[in-house]
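Note that the coordinates shown come from a computational prediction; the quantities given were computed from them, not determined experimentally. Every heavy atom of this structure was used, including side-chain atoms; hydrogens, water molecules and symmetry mates were not.
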Amino acid sequence: MRNWGGLLFSALQNFFWFRRDLRLHDNTGLYHALQAGHVQGIFIFDTEILSSLPERADARVTFIHDAISALKEKLESLGASLIVRYGDPLKIWPAILDEHDVQAVFTNRDFEPYANARDNAVAELLQQSKVAFHTFKDHVMFEKDAVLKDDGKPYTVFTPYSRKWVARLGSKIQETPLGPQPFYLQSFPSEDHLQRFEPSKPLPMPSLADMGFERSALVFPPAQVGQQLIKNYGQTRDLPAVQGTSGLGVHFRFGTISIREKARKAISLSPVFLNELIWRDFYSQILAHFPTVVNHPFKPQYDRIPWRDAPEDFQKWCEGKTGYPIVDAGMRELMHTGFMHNRVRMITASFLTKHLLIDWRLGEAWFAQNLLDFDLASNNGGWQWAAGCGTDAAPYFRIFNPAEQTKKFDKDHQYIRRWVPEFGTAAYPPPMVDHAFARARCLDTYKRALADG
Ligand SMILES: Cc1cc2nc3c(=O)[nH]c(=O)nc-3n(C[C@H](O)[C@H](O)[C@H](O)COP(=O)(O)OP(=O)(O)OC[C@H]3O[C@@H](n4cnc5c(N)ncnc54)[C@H](O)[C@@H]3O)c2cc1C
């Protein structure tokens, strides 16, 4: 037992395992760990994930490294520290159990198939050592079974899901320090308990180079957005030339911000912004209920589409050299910034799958490799939506016309000129495929494939 701050604690330690929740503030699992006693934080740079990344200067790794360094610094300012390891969690945890008297491990849940399998294996090995494994909902507002149809089945169409989601939000109101709040928006403040972190000397942390990575030169978007932007979101969110969306995707992805805080803001400032947060929950529950979407279309008959094997065309799309300026602008924005505006994600994804008839899985993988805010559930959902094979009720024969999209959303070509400076000069290539031809080919191919069988 130790006497610390007037309180007696046993030497047994509770661990909090940071993953997609890289913050101290309003972190559900961390809050519960700190409520339970003194806590040692840990983060594992997971070799299972890192070894699949082809780019040494992967911006996501730099982002995480920065976020972990900031967490560690903050903990050190409190006289605590963070254990940071690099390796396979299934090997790291047994080593931690050897080095420490671990009583319980607290963490927030993840829903991706790899994370589920890893967590099941970790839970098992902890159980063998009689160490409790406590997991919490933190990453989304509602987990997969919280918003279900009246018959108990998952929703597969967004609009009724979103109605139930909103109704569920208001179903349980309780008093909080911020006044009456829907239960699901309650905060988990950890500030009062921060002194409960295990006292420790600063600990070493692997550098990017130690893990075989380099620092990315990308500039990361701030974690804060002005109220005005959220207020105007409904008017500006579709215009790629203006800063009309939050840019928070990467922060939601790695949990450097709290979804509950942003949802609270959205409720008071913009129902349109709230709707986008609901899309995020929607795709997360689709992935959790239907994990086969990772490799297969949600609507299985779409696996019959004979996608074109056209590596040169795919390359032109990746490089932003299709001769369709709005498509090229989006693809180049992605390459230069790790971001692409949502409207343009829809246009470029539609172009690849419908104009070029190239398998959505190739486009999905390209986005996964390059998007700073890459999230398996939302990326997969967005790609299947674009290819027409996902949960969306819209028929496949709605094909985006890039010229019409440009007229509506970038009529002065401000966005196009930013990313395609040679647009309008002889240096800019002609369209790689005629729009009318591509549209007819797509309709014919989809129709035949879906009629078969
Ligand atoms: C083909 C395609 C691929 C996509 N890939 C991803 C991805 O890998 N990761 C990702 O987070 N989003 C993805 N999206 C959804 C959307 O484009 C991004 O969330 C958004 O552009 C991120 O920019 P922002 O943070 O400024 O968003 P804002 O417009 O400010 O929206 C706020 C937040 O709401 C959520 N959100 C907004 N739109 C959607 C949506 N349609 N689906 C799910 N969540 C949404 C995101 O968390 C976003 O950060 C994809 C969309 C398409 C069409």
Is it the case that more than 12 heavy atoms not belonging to [X] sit under 6.0 Å from its [atom1] atom?
X      : atom1 : answer
Glu261 : CD    : yes
Lys74  : NZ    : no
Asp309 : CG    : no
Glu73  : CD    : no
Lys164 : NZ    : yes

Using every non-hydrogen atom in the two residues, find where [X] and [Y] come nearest and quote the distance to one decimal.
X      : Y      : answer
Gln285 : Pro154 : OE1-CB, 4.0 Å
Thr156 : Thr391 : O-CB, 3.1 Å
Pro325 : Val420 : O-CG2, 4.0 Å
His100 : Gln13  : ND1-OE1, 3.0 Å
Gln243 : Thr245 : NE2-O, 3.2 Å
Ile49  : Arg118 : CD1-NH1, 4.5 Å

- Contacts of type side chain to side chain contact (heavy atoms under 4.5 Å, CB included), residue Pro297, not counting sequence neighbours: Tyr302, Asp303, Trp360, Arg361, Gln384, Cys389

- Message: Out of the candidates Tyr161, Trp385, Phe142, only one should pair with Phe282 under the ring pair (Phe, Tyr, Trp, His ring centres under 6.0 Å) rule; please name it.
- Response: Tyr161

- Message: Between Arg215 and Asp58, does any side-chain N to carboxylate O distance fall below 4.0 Å?
- Response: no

- Determine, stepwise, if the pair Asp238 / Arg343 fulfils salt bridge (charged side-chain N to carboxylate O under 4.0 Å, His left out). CA-CA 6 Å; Asp238 264 324; Arg343 169 61 46 186; 3.1 Å; yes

Short side-chain to backbone donor-acceptor contact, [X] and [Y], under 3.5 Å:
X      : Y      : value
Asp375 : Ser378 : yes
Ser216 : Thr62  : no
Asp138 : Thr28  : yes
Asp210 : Ser207 : yes
Asn232 : Gln235 : no
Ser81  : Pro202 : no
Arg280 : Tyr283 : no
Asp26  : Ser187 : no
Lys72  : Leu203 : yes
Arg109 : Thr135 : yes

Less than 6.0 angstrom separating the ring centers of [X] and [Y], yes or no?
X      : Y      : value
His251 : Phe63  : yes
Phe15  : Phe106 : no
Phe197 : His38  : no
Phe45  : Tyr86  : no
Phe18  : Phe43  : no
His341 : Tyr415 : no

Answer yes if the side chains of [X] and [Y] hold a donor-acceptor pair under 3.5 Å, and no otherwise.
X      : Y      : result
Asp328 : Thr322 : yes
Tyr233 : Asn275 : no
Asp281 : Trp165 : yes
Gln40  : Asn14  : no
His139 : Arg20  : yes
Asp110 : Asn116 : no

Evaluate the side-chain proximity of [Y] to [X]: yes if any heavy-atom separation is below 4.5 Å, no if none is.
X      : Y      : value
Pro113 : Leu376 : yes
Pro221 : Leu248 : no
Ile230 : Val225 : yes
Val102 : Leu12  : no
Val122 : Thr107 : no
Ile68  : Met205 : yes
Lys321 : Gln315 : no

- Message: Pair Phe351, Phe400 - check ring pair (Phe, Tyr, Trp, His ring centres under 6.0 Å), show working.
- Response: CA-CA 7 Å; Phe351 186 83; Phe400 275 34; over 10 Å; no

- Applying ring pair (Phe, Tyr, Trp, His ring centres under 6.0 Å), run through Phe367 and Phe374 and close with a yes or a no. CA-CA 7 Å; Phe367 272 29; Phe374 163 60; 9.8 Å; no

- Query: Do the numbers put Arg345 on top of the ring of Phe339, so that NZ or CZ is under 6.0 Å from the six-membered ring centre and no more than 45° off the axis?
  - Reply: yes

- Task: Kindly indicate whether a cation-pi arrangement holds for Arg19 with Trp17, taking the cut-offs as under 6.0 Å to the six-membered ring centre and within 45° of the axis.
- Result: yes

- Task: Could you go through the side chain to side chain contact (heavy atoms under 4.5 Å, CB included) check for Leu352 and Trp383 one step at a time?
- Result: CA-CA 10 Å; Leu352 185 78; Trp383 272 96; 3.9 Å; yes

- Task: Check the angle between the aromatic planes of His134 and Phe136 and answer parallel, tilted or perpendicular using the 30° and 60° thresholds.
- Result: tilted

- Evaluate the side chain to side chain contact (heavy atoms under 4.5 Å, CB included) criterion for residues Ile347 and Val327: first the C-alpha distance (whole Å), next the side-chain angles of each, then the deciding distance (0.1 Å), finally the verdict. CA-CA 7 Å; Ile347 298 170; Val327 173; 4.1 Å; yes

- Task: Evaluate the criterion salt bridge (charged side-chain N to carboxylate O under 4.0 Å, His left out) for residue pair Arg418 and Glu333; output intermediate values, then yes/no.
- Result: CA-CA 9 Å; Arg418 187 179 305 154; Glu333 181 184 26; 5.8 Å; no

- Message: Apply side chain to side chain donor-acceptor pair (under 3.5 Å) to residues Asp46 and Tyr114 and explain how you reach the verdict.
- Response: CA-CA 11 Å; Asp46 187 339; Tyr114 164 71; 2.6 Å; yes

- Message: Walk me through whether Trp366 and Leu362 qualify under side chain to side chain contact (heavy atoms under 4.5 Å, CB included).
- Response: CA-CA 6 Å; Trp366 183 254; Leu362 289 178; over 6 Å; no

- Applying salt bridge (charged side-chain N to carboxylate O under 4.0 Å, His left out), run through Glu48 and Lys91 and close with a yes or a no. CA-CA 11 Å; Glu48 292 298 301; Lys91 297 198 176 113; over 6 Å; no

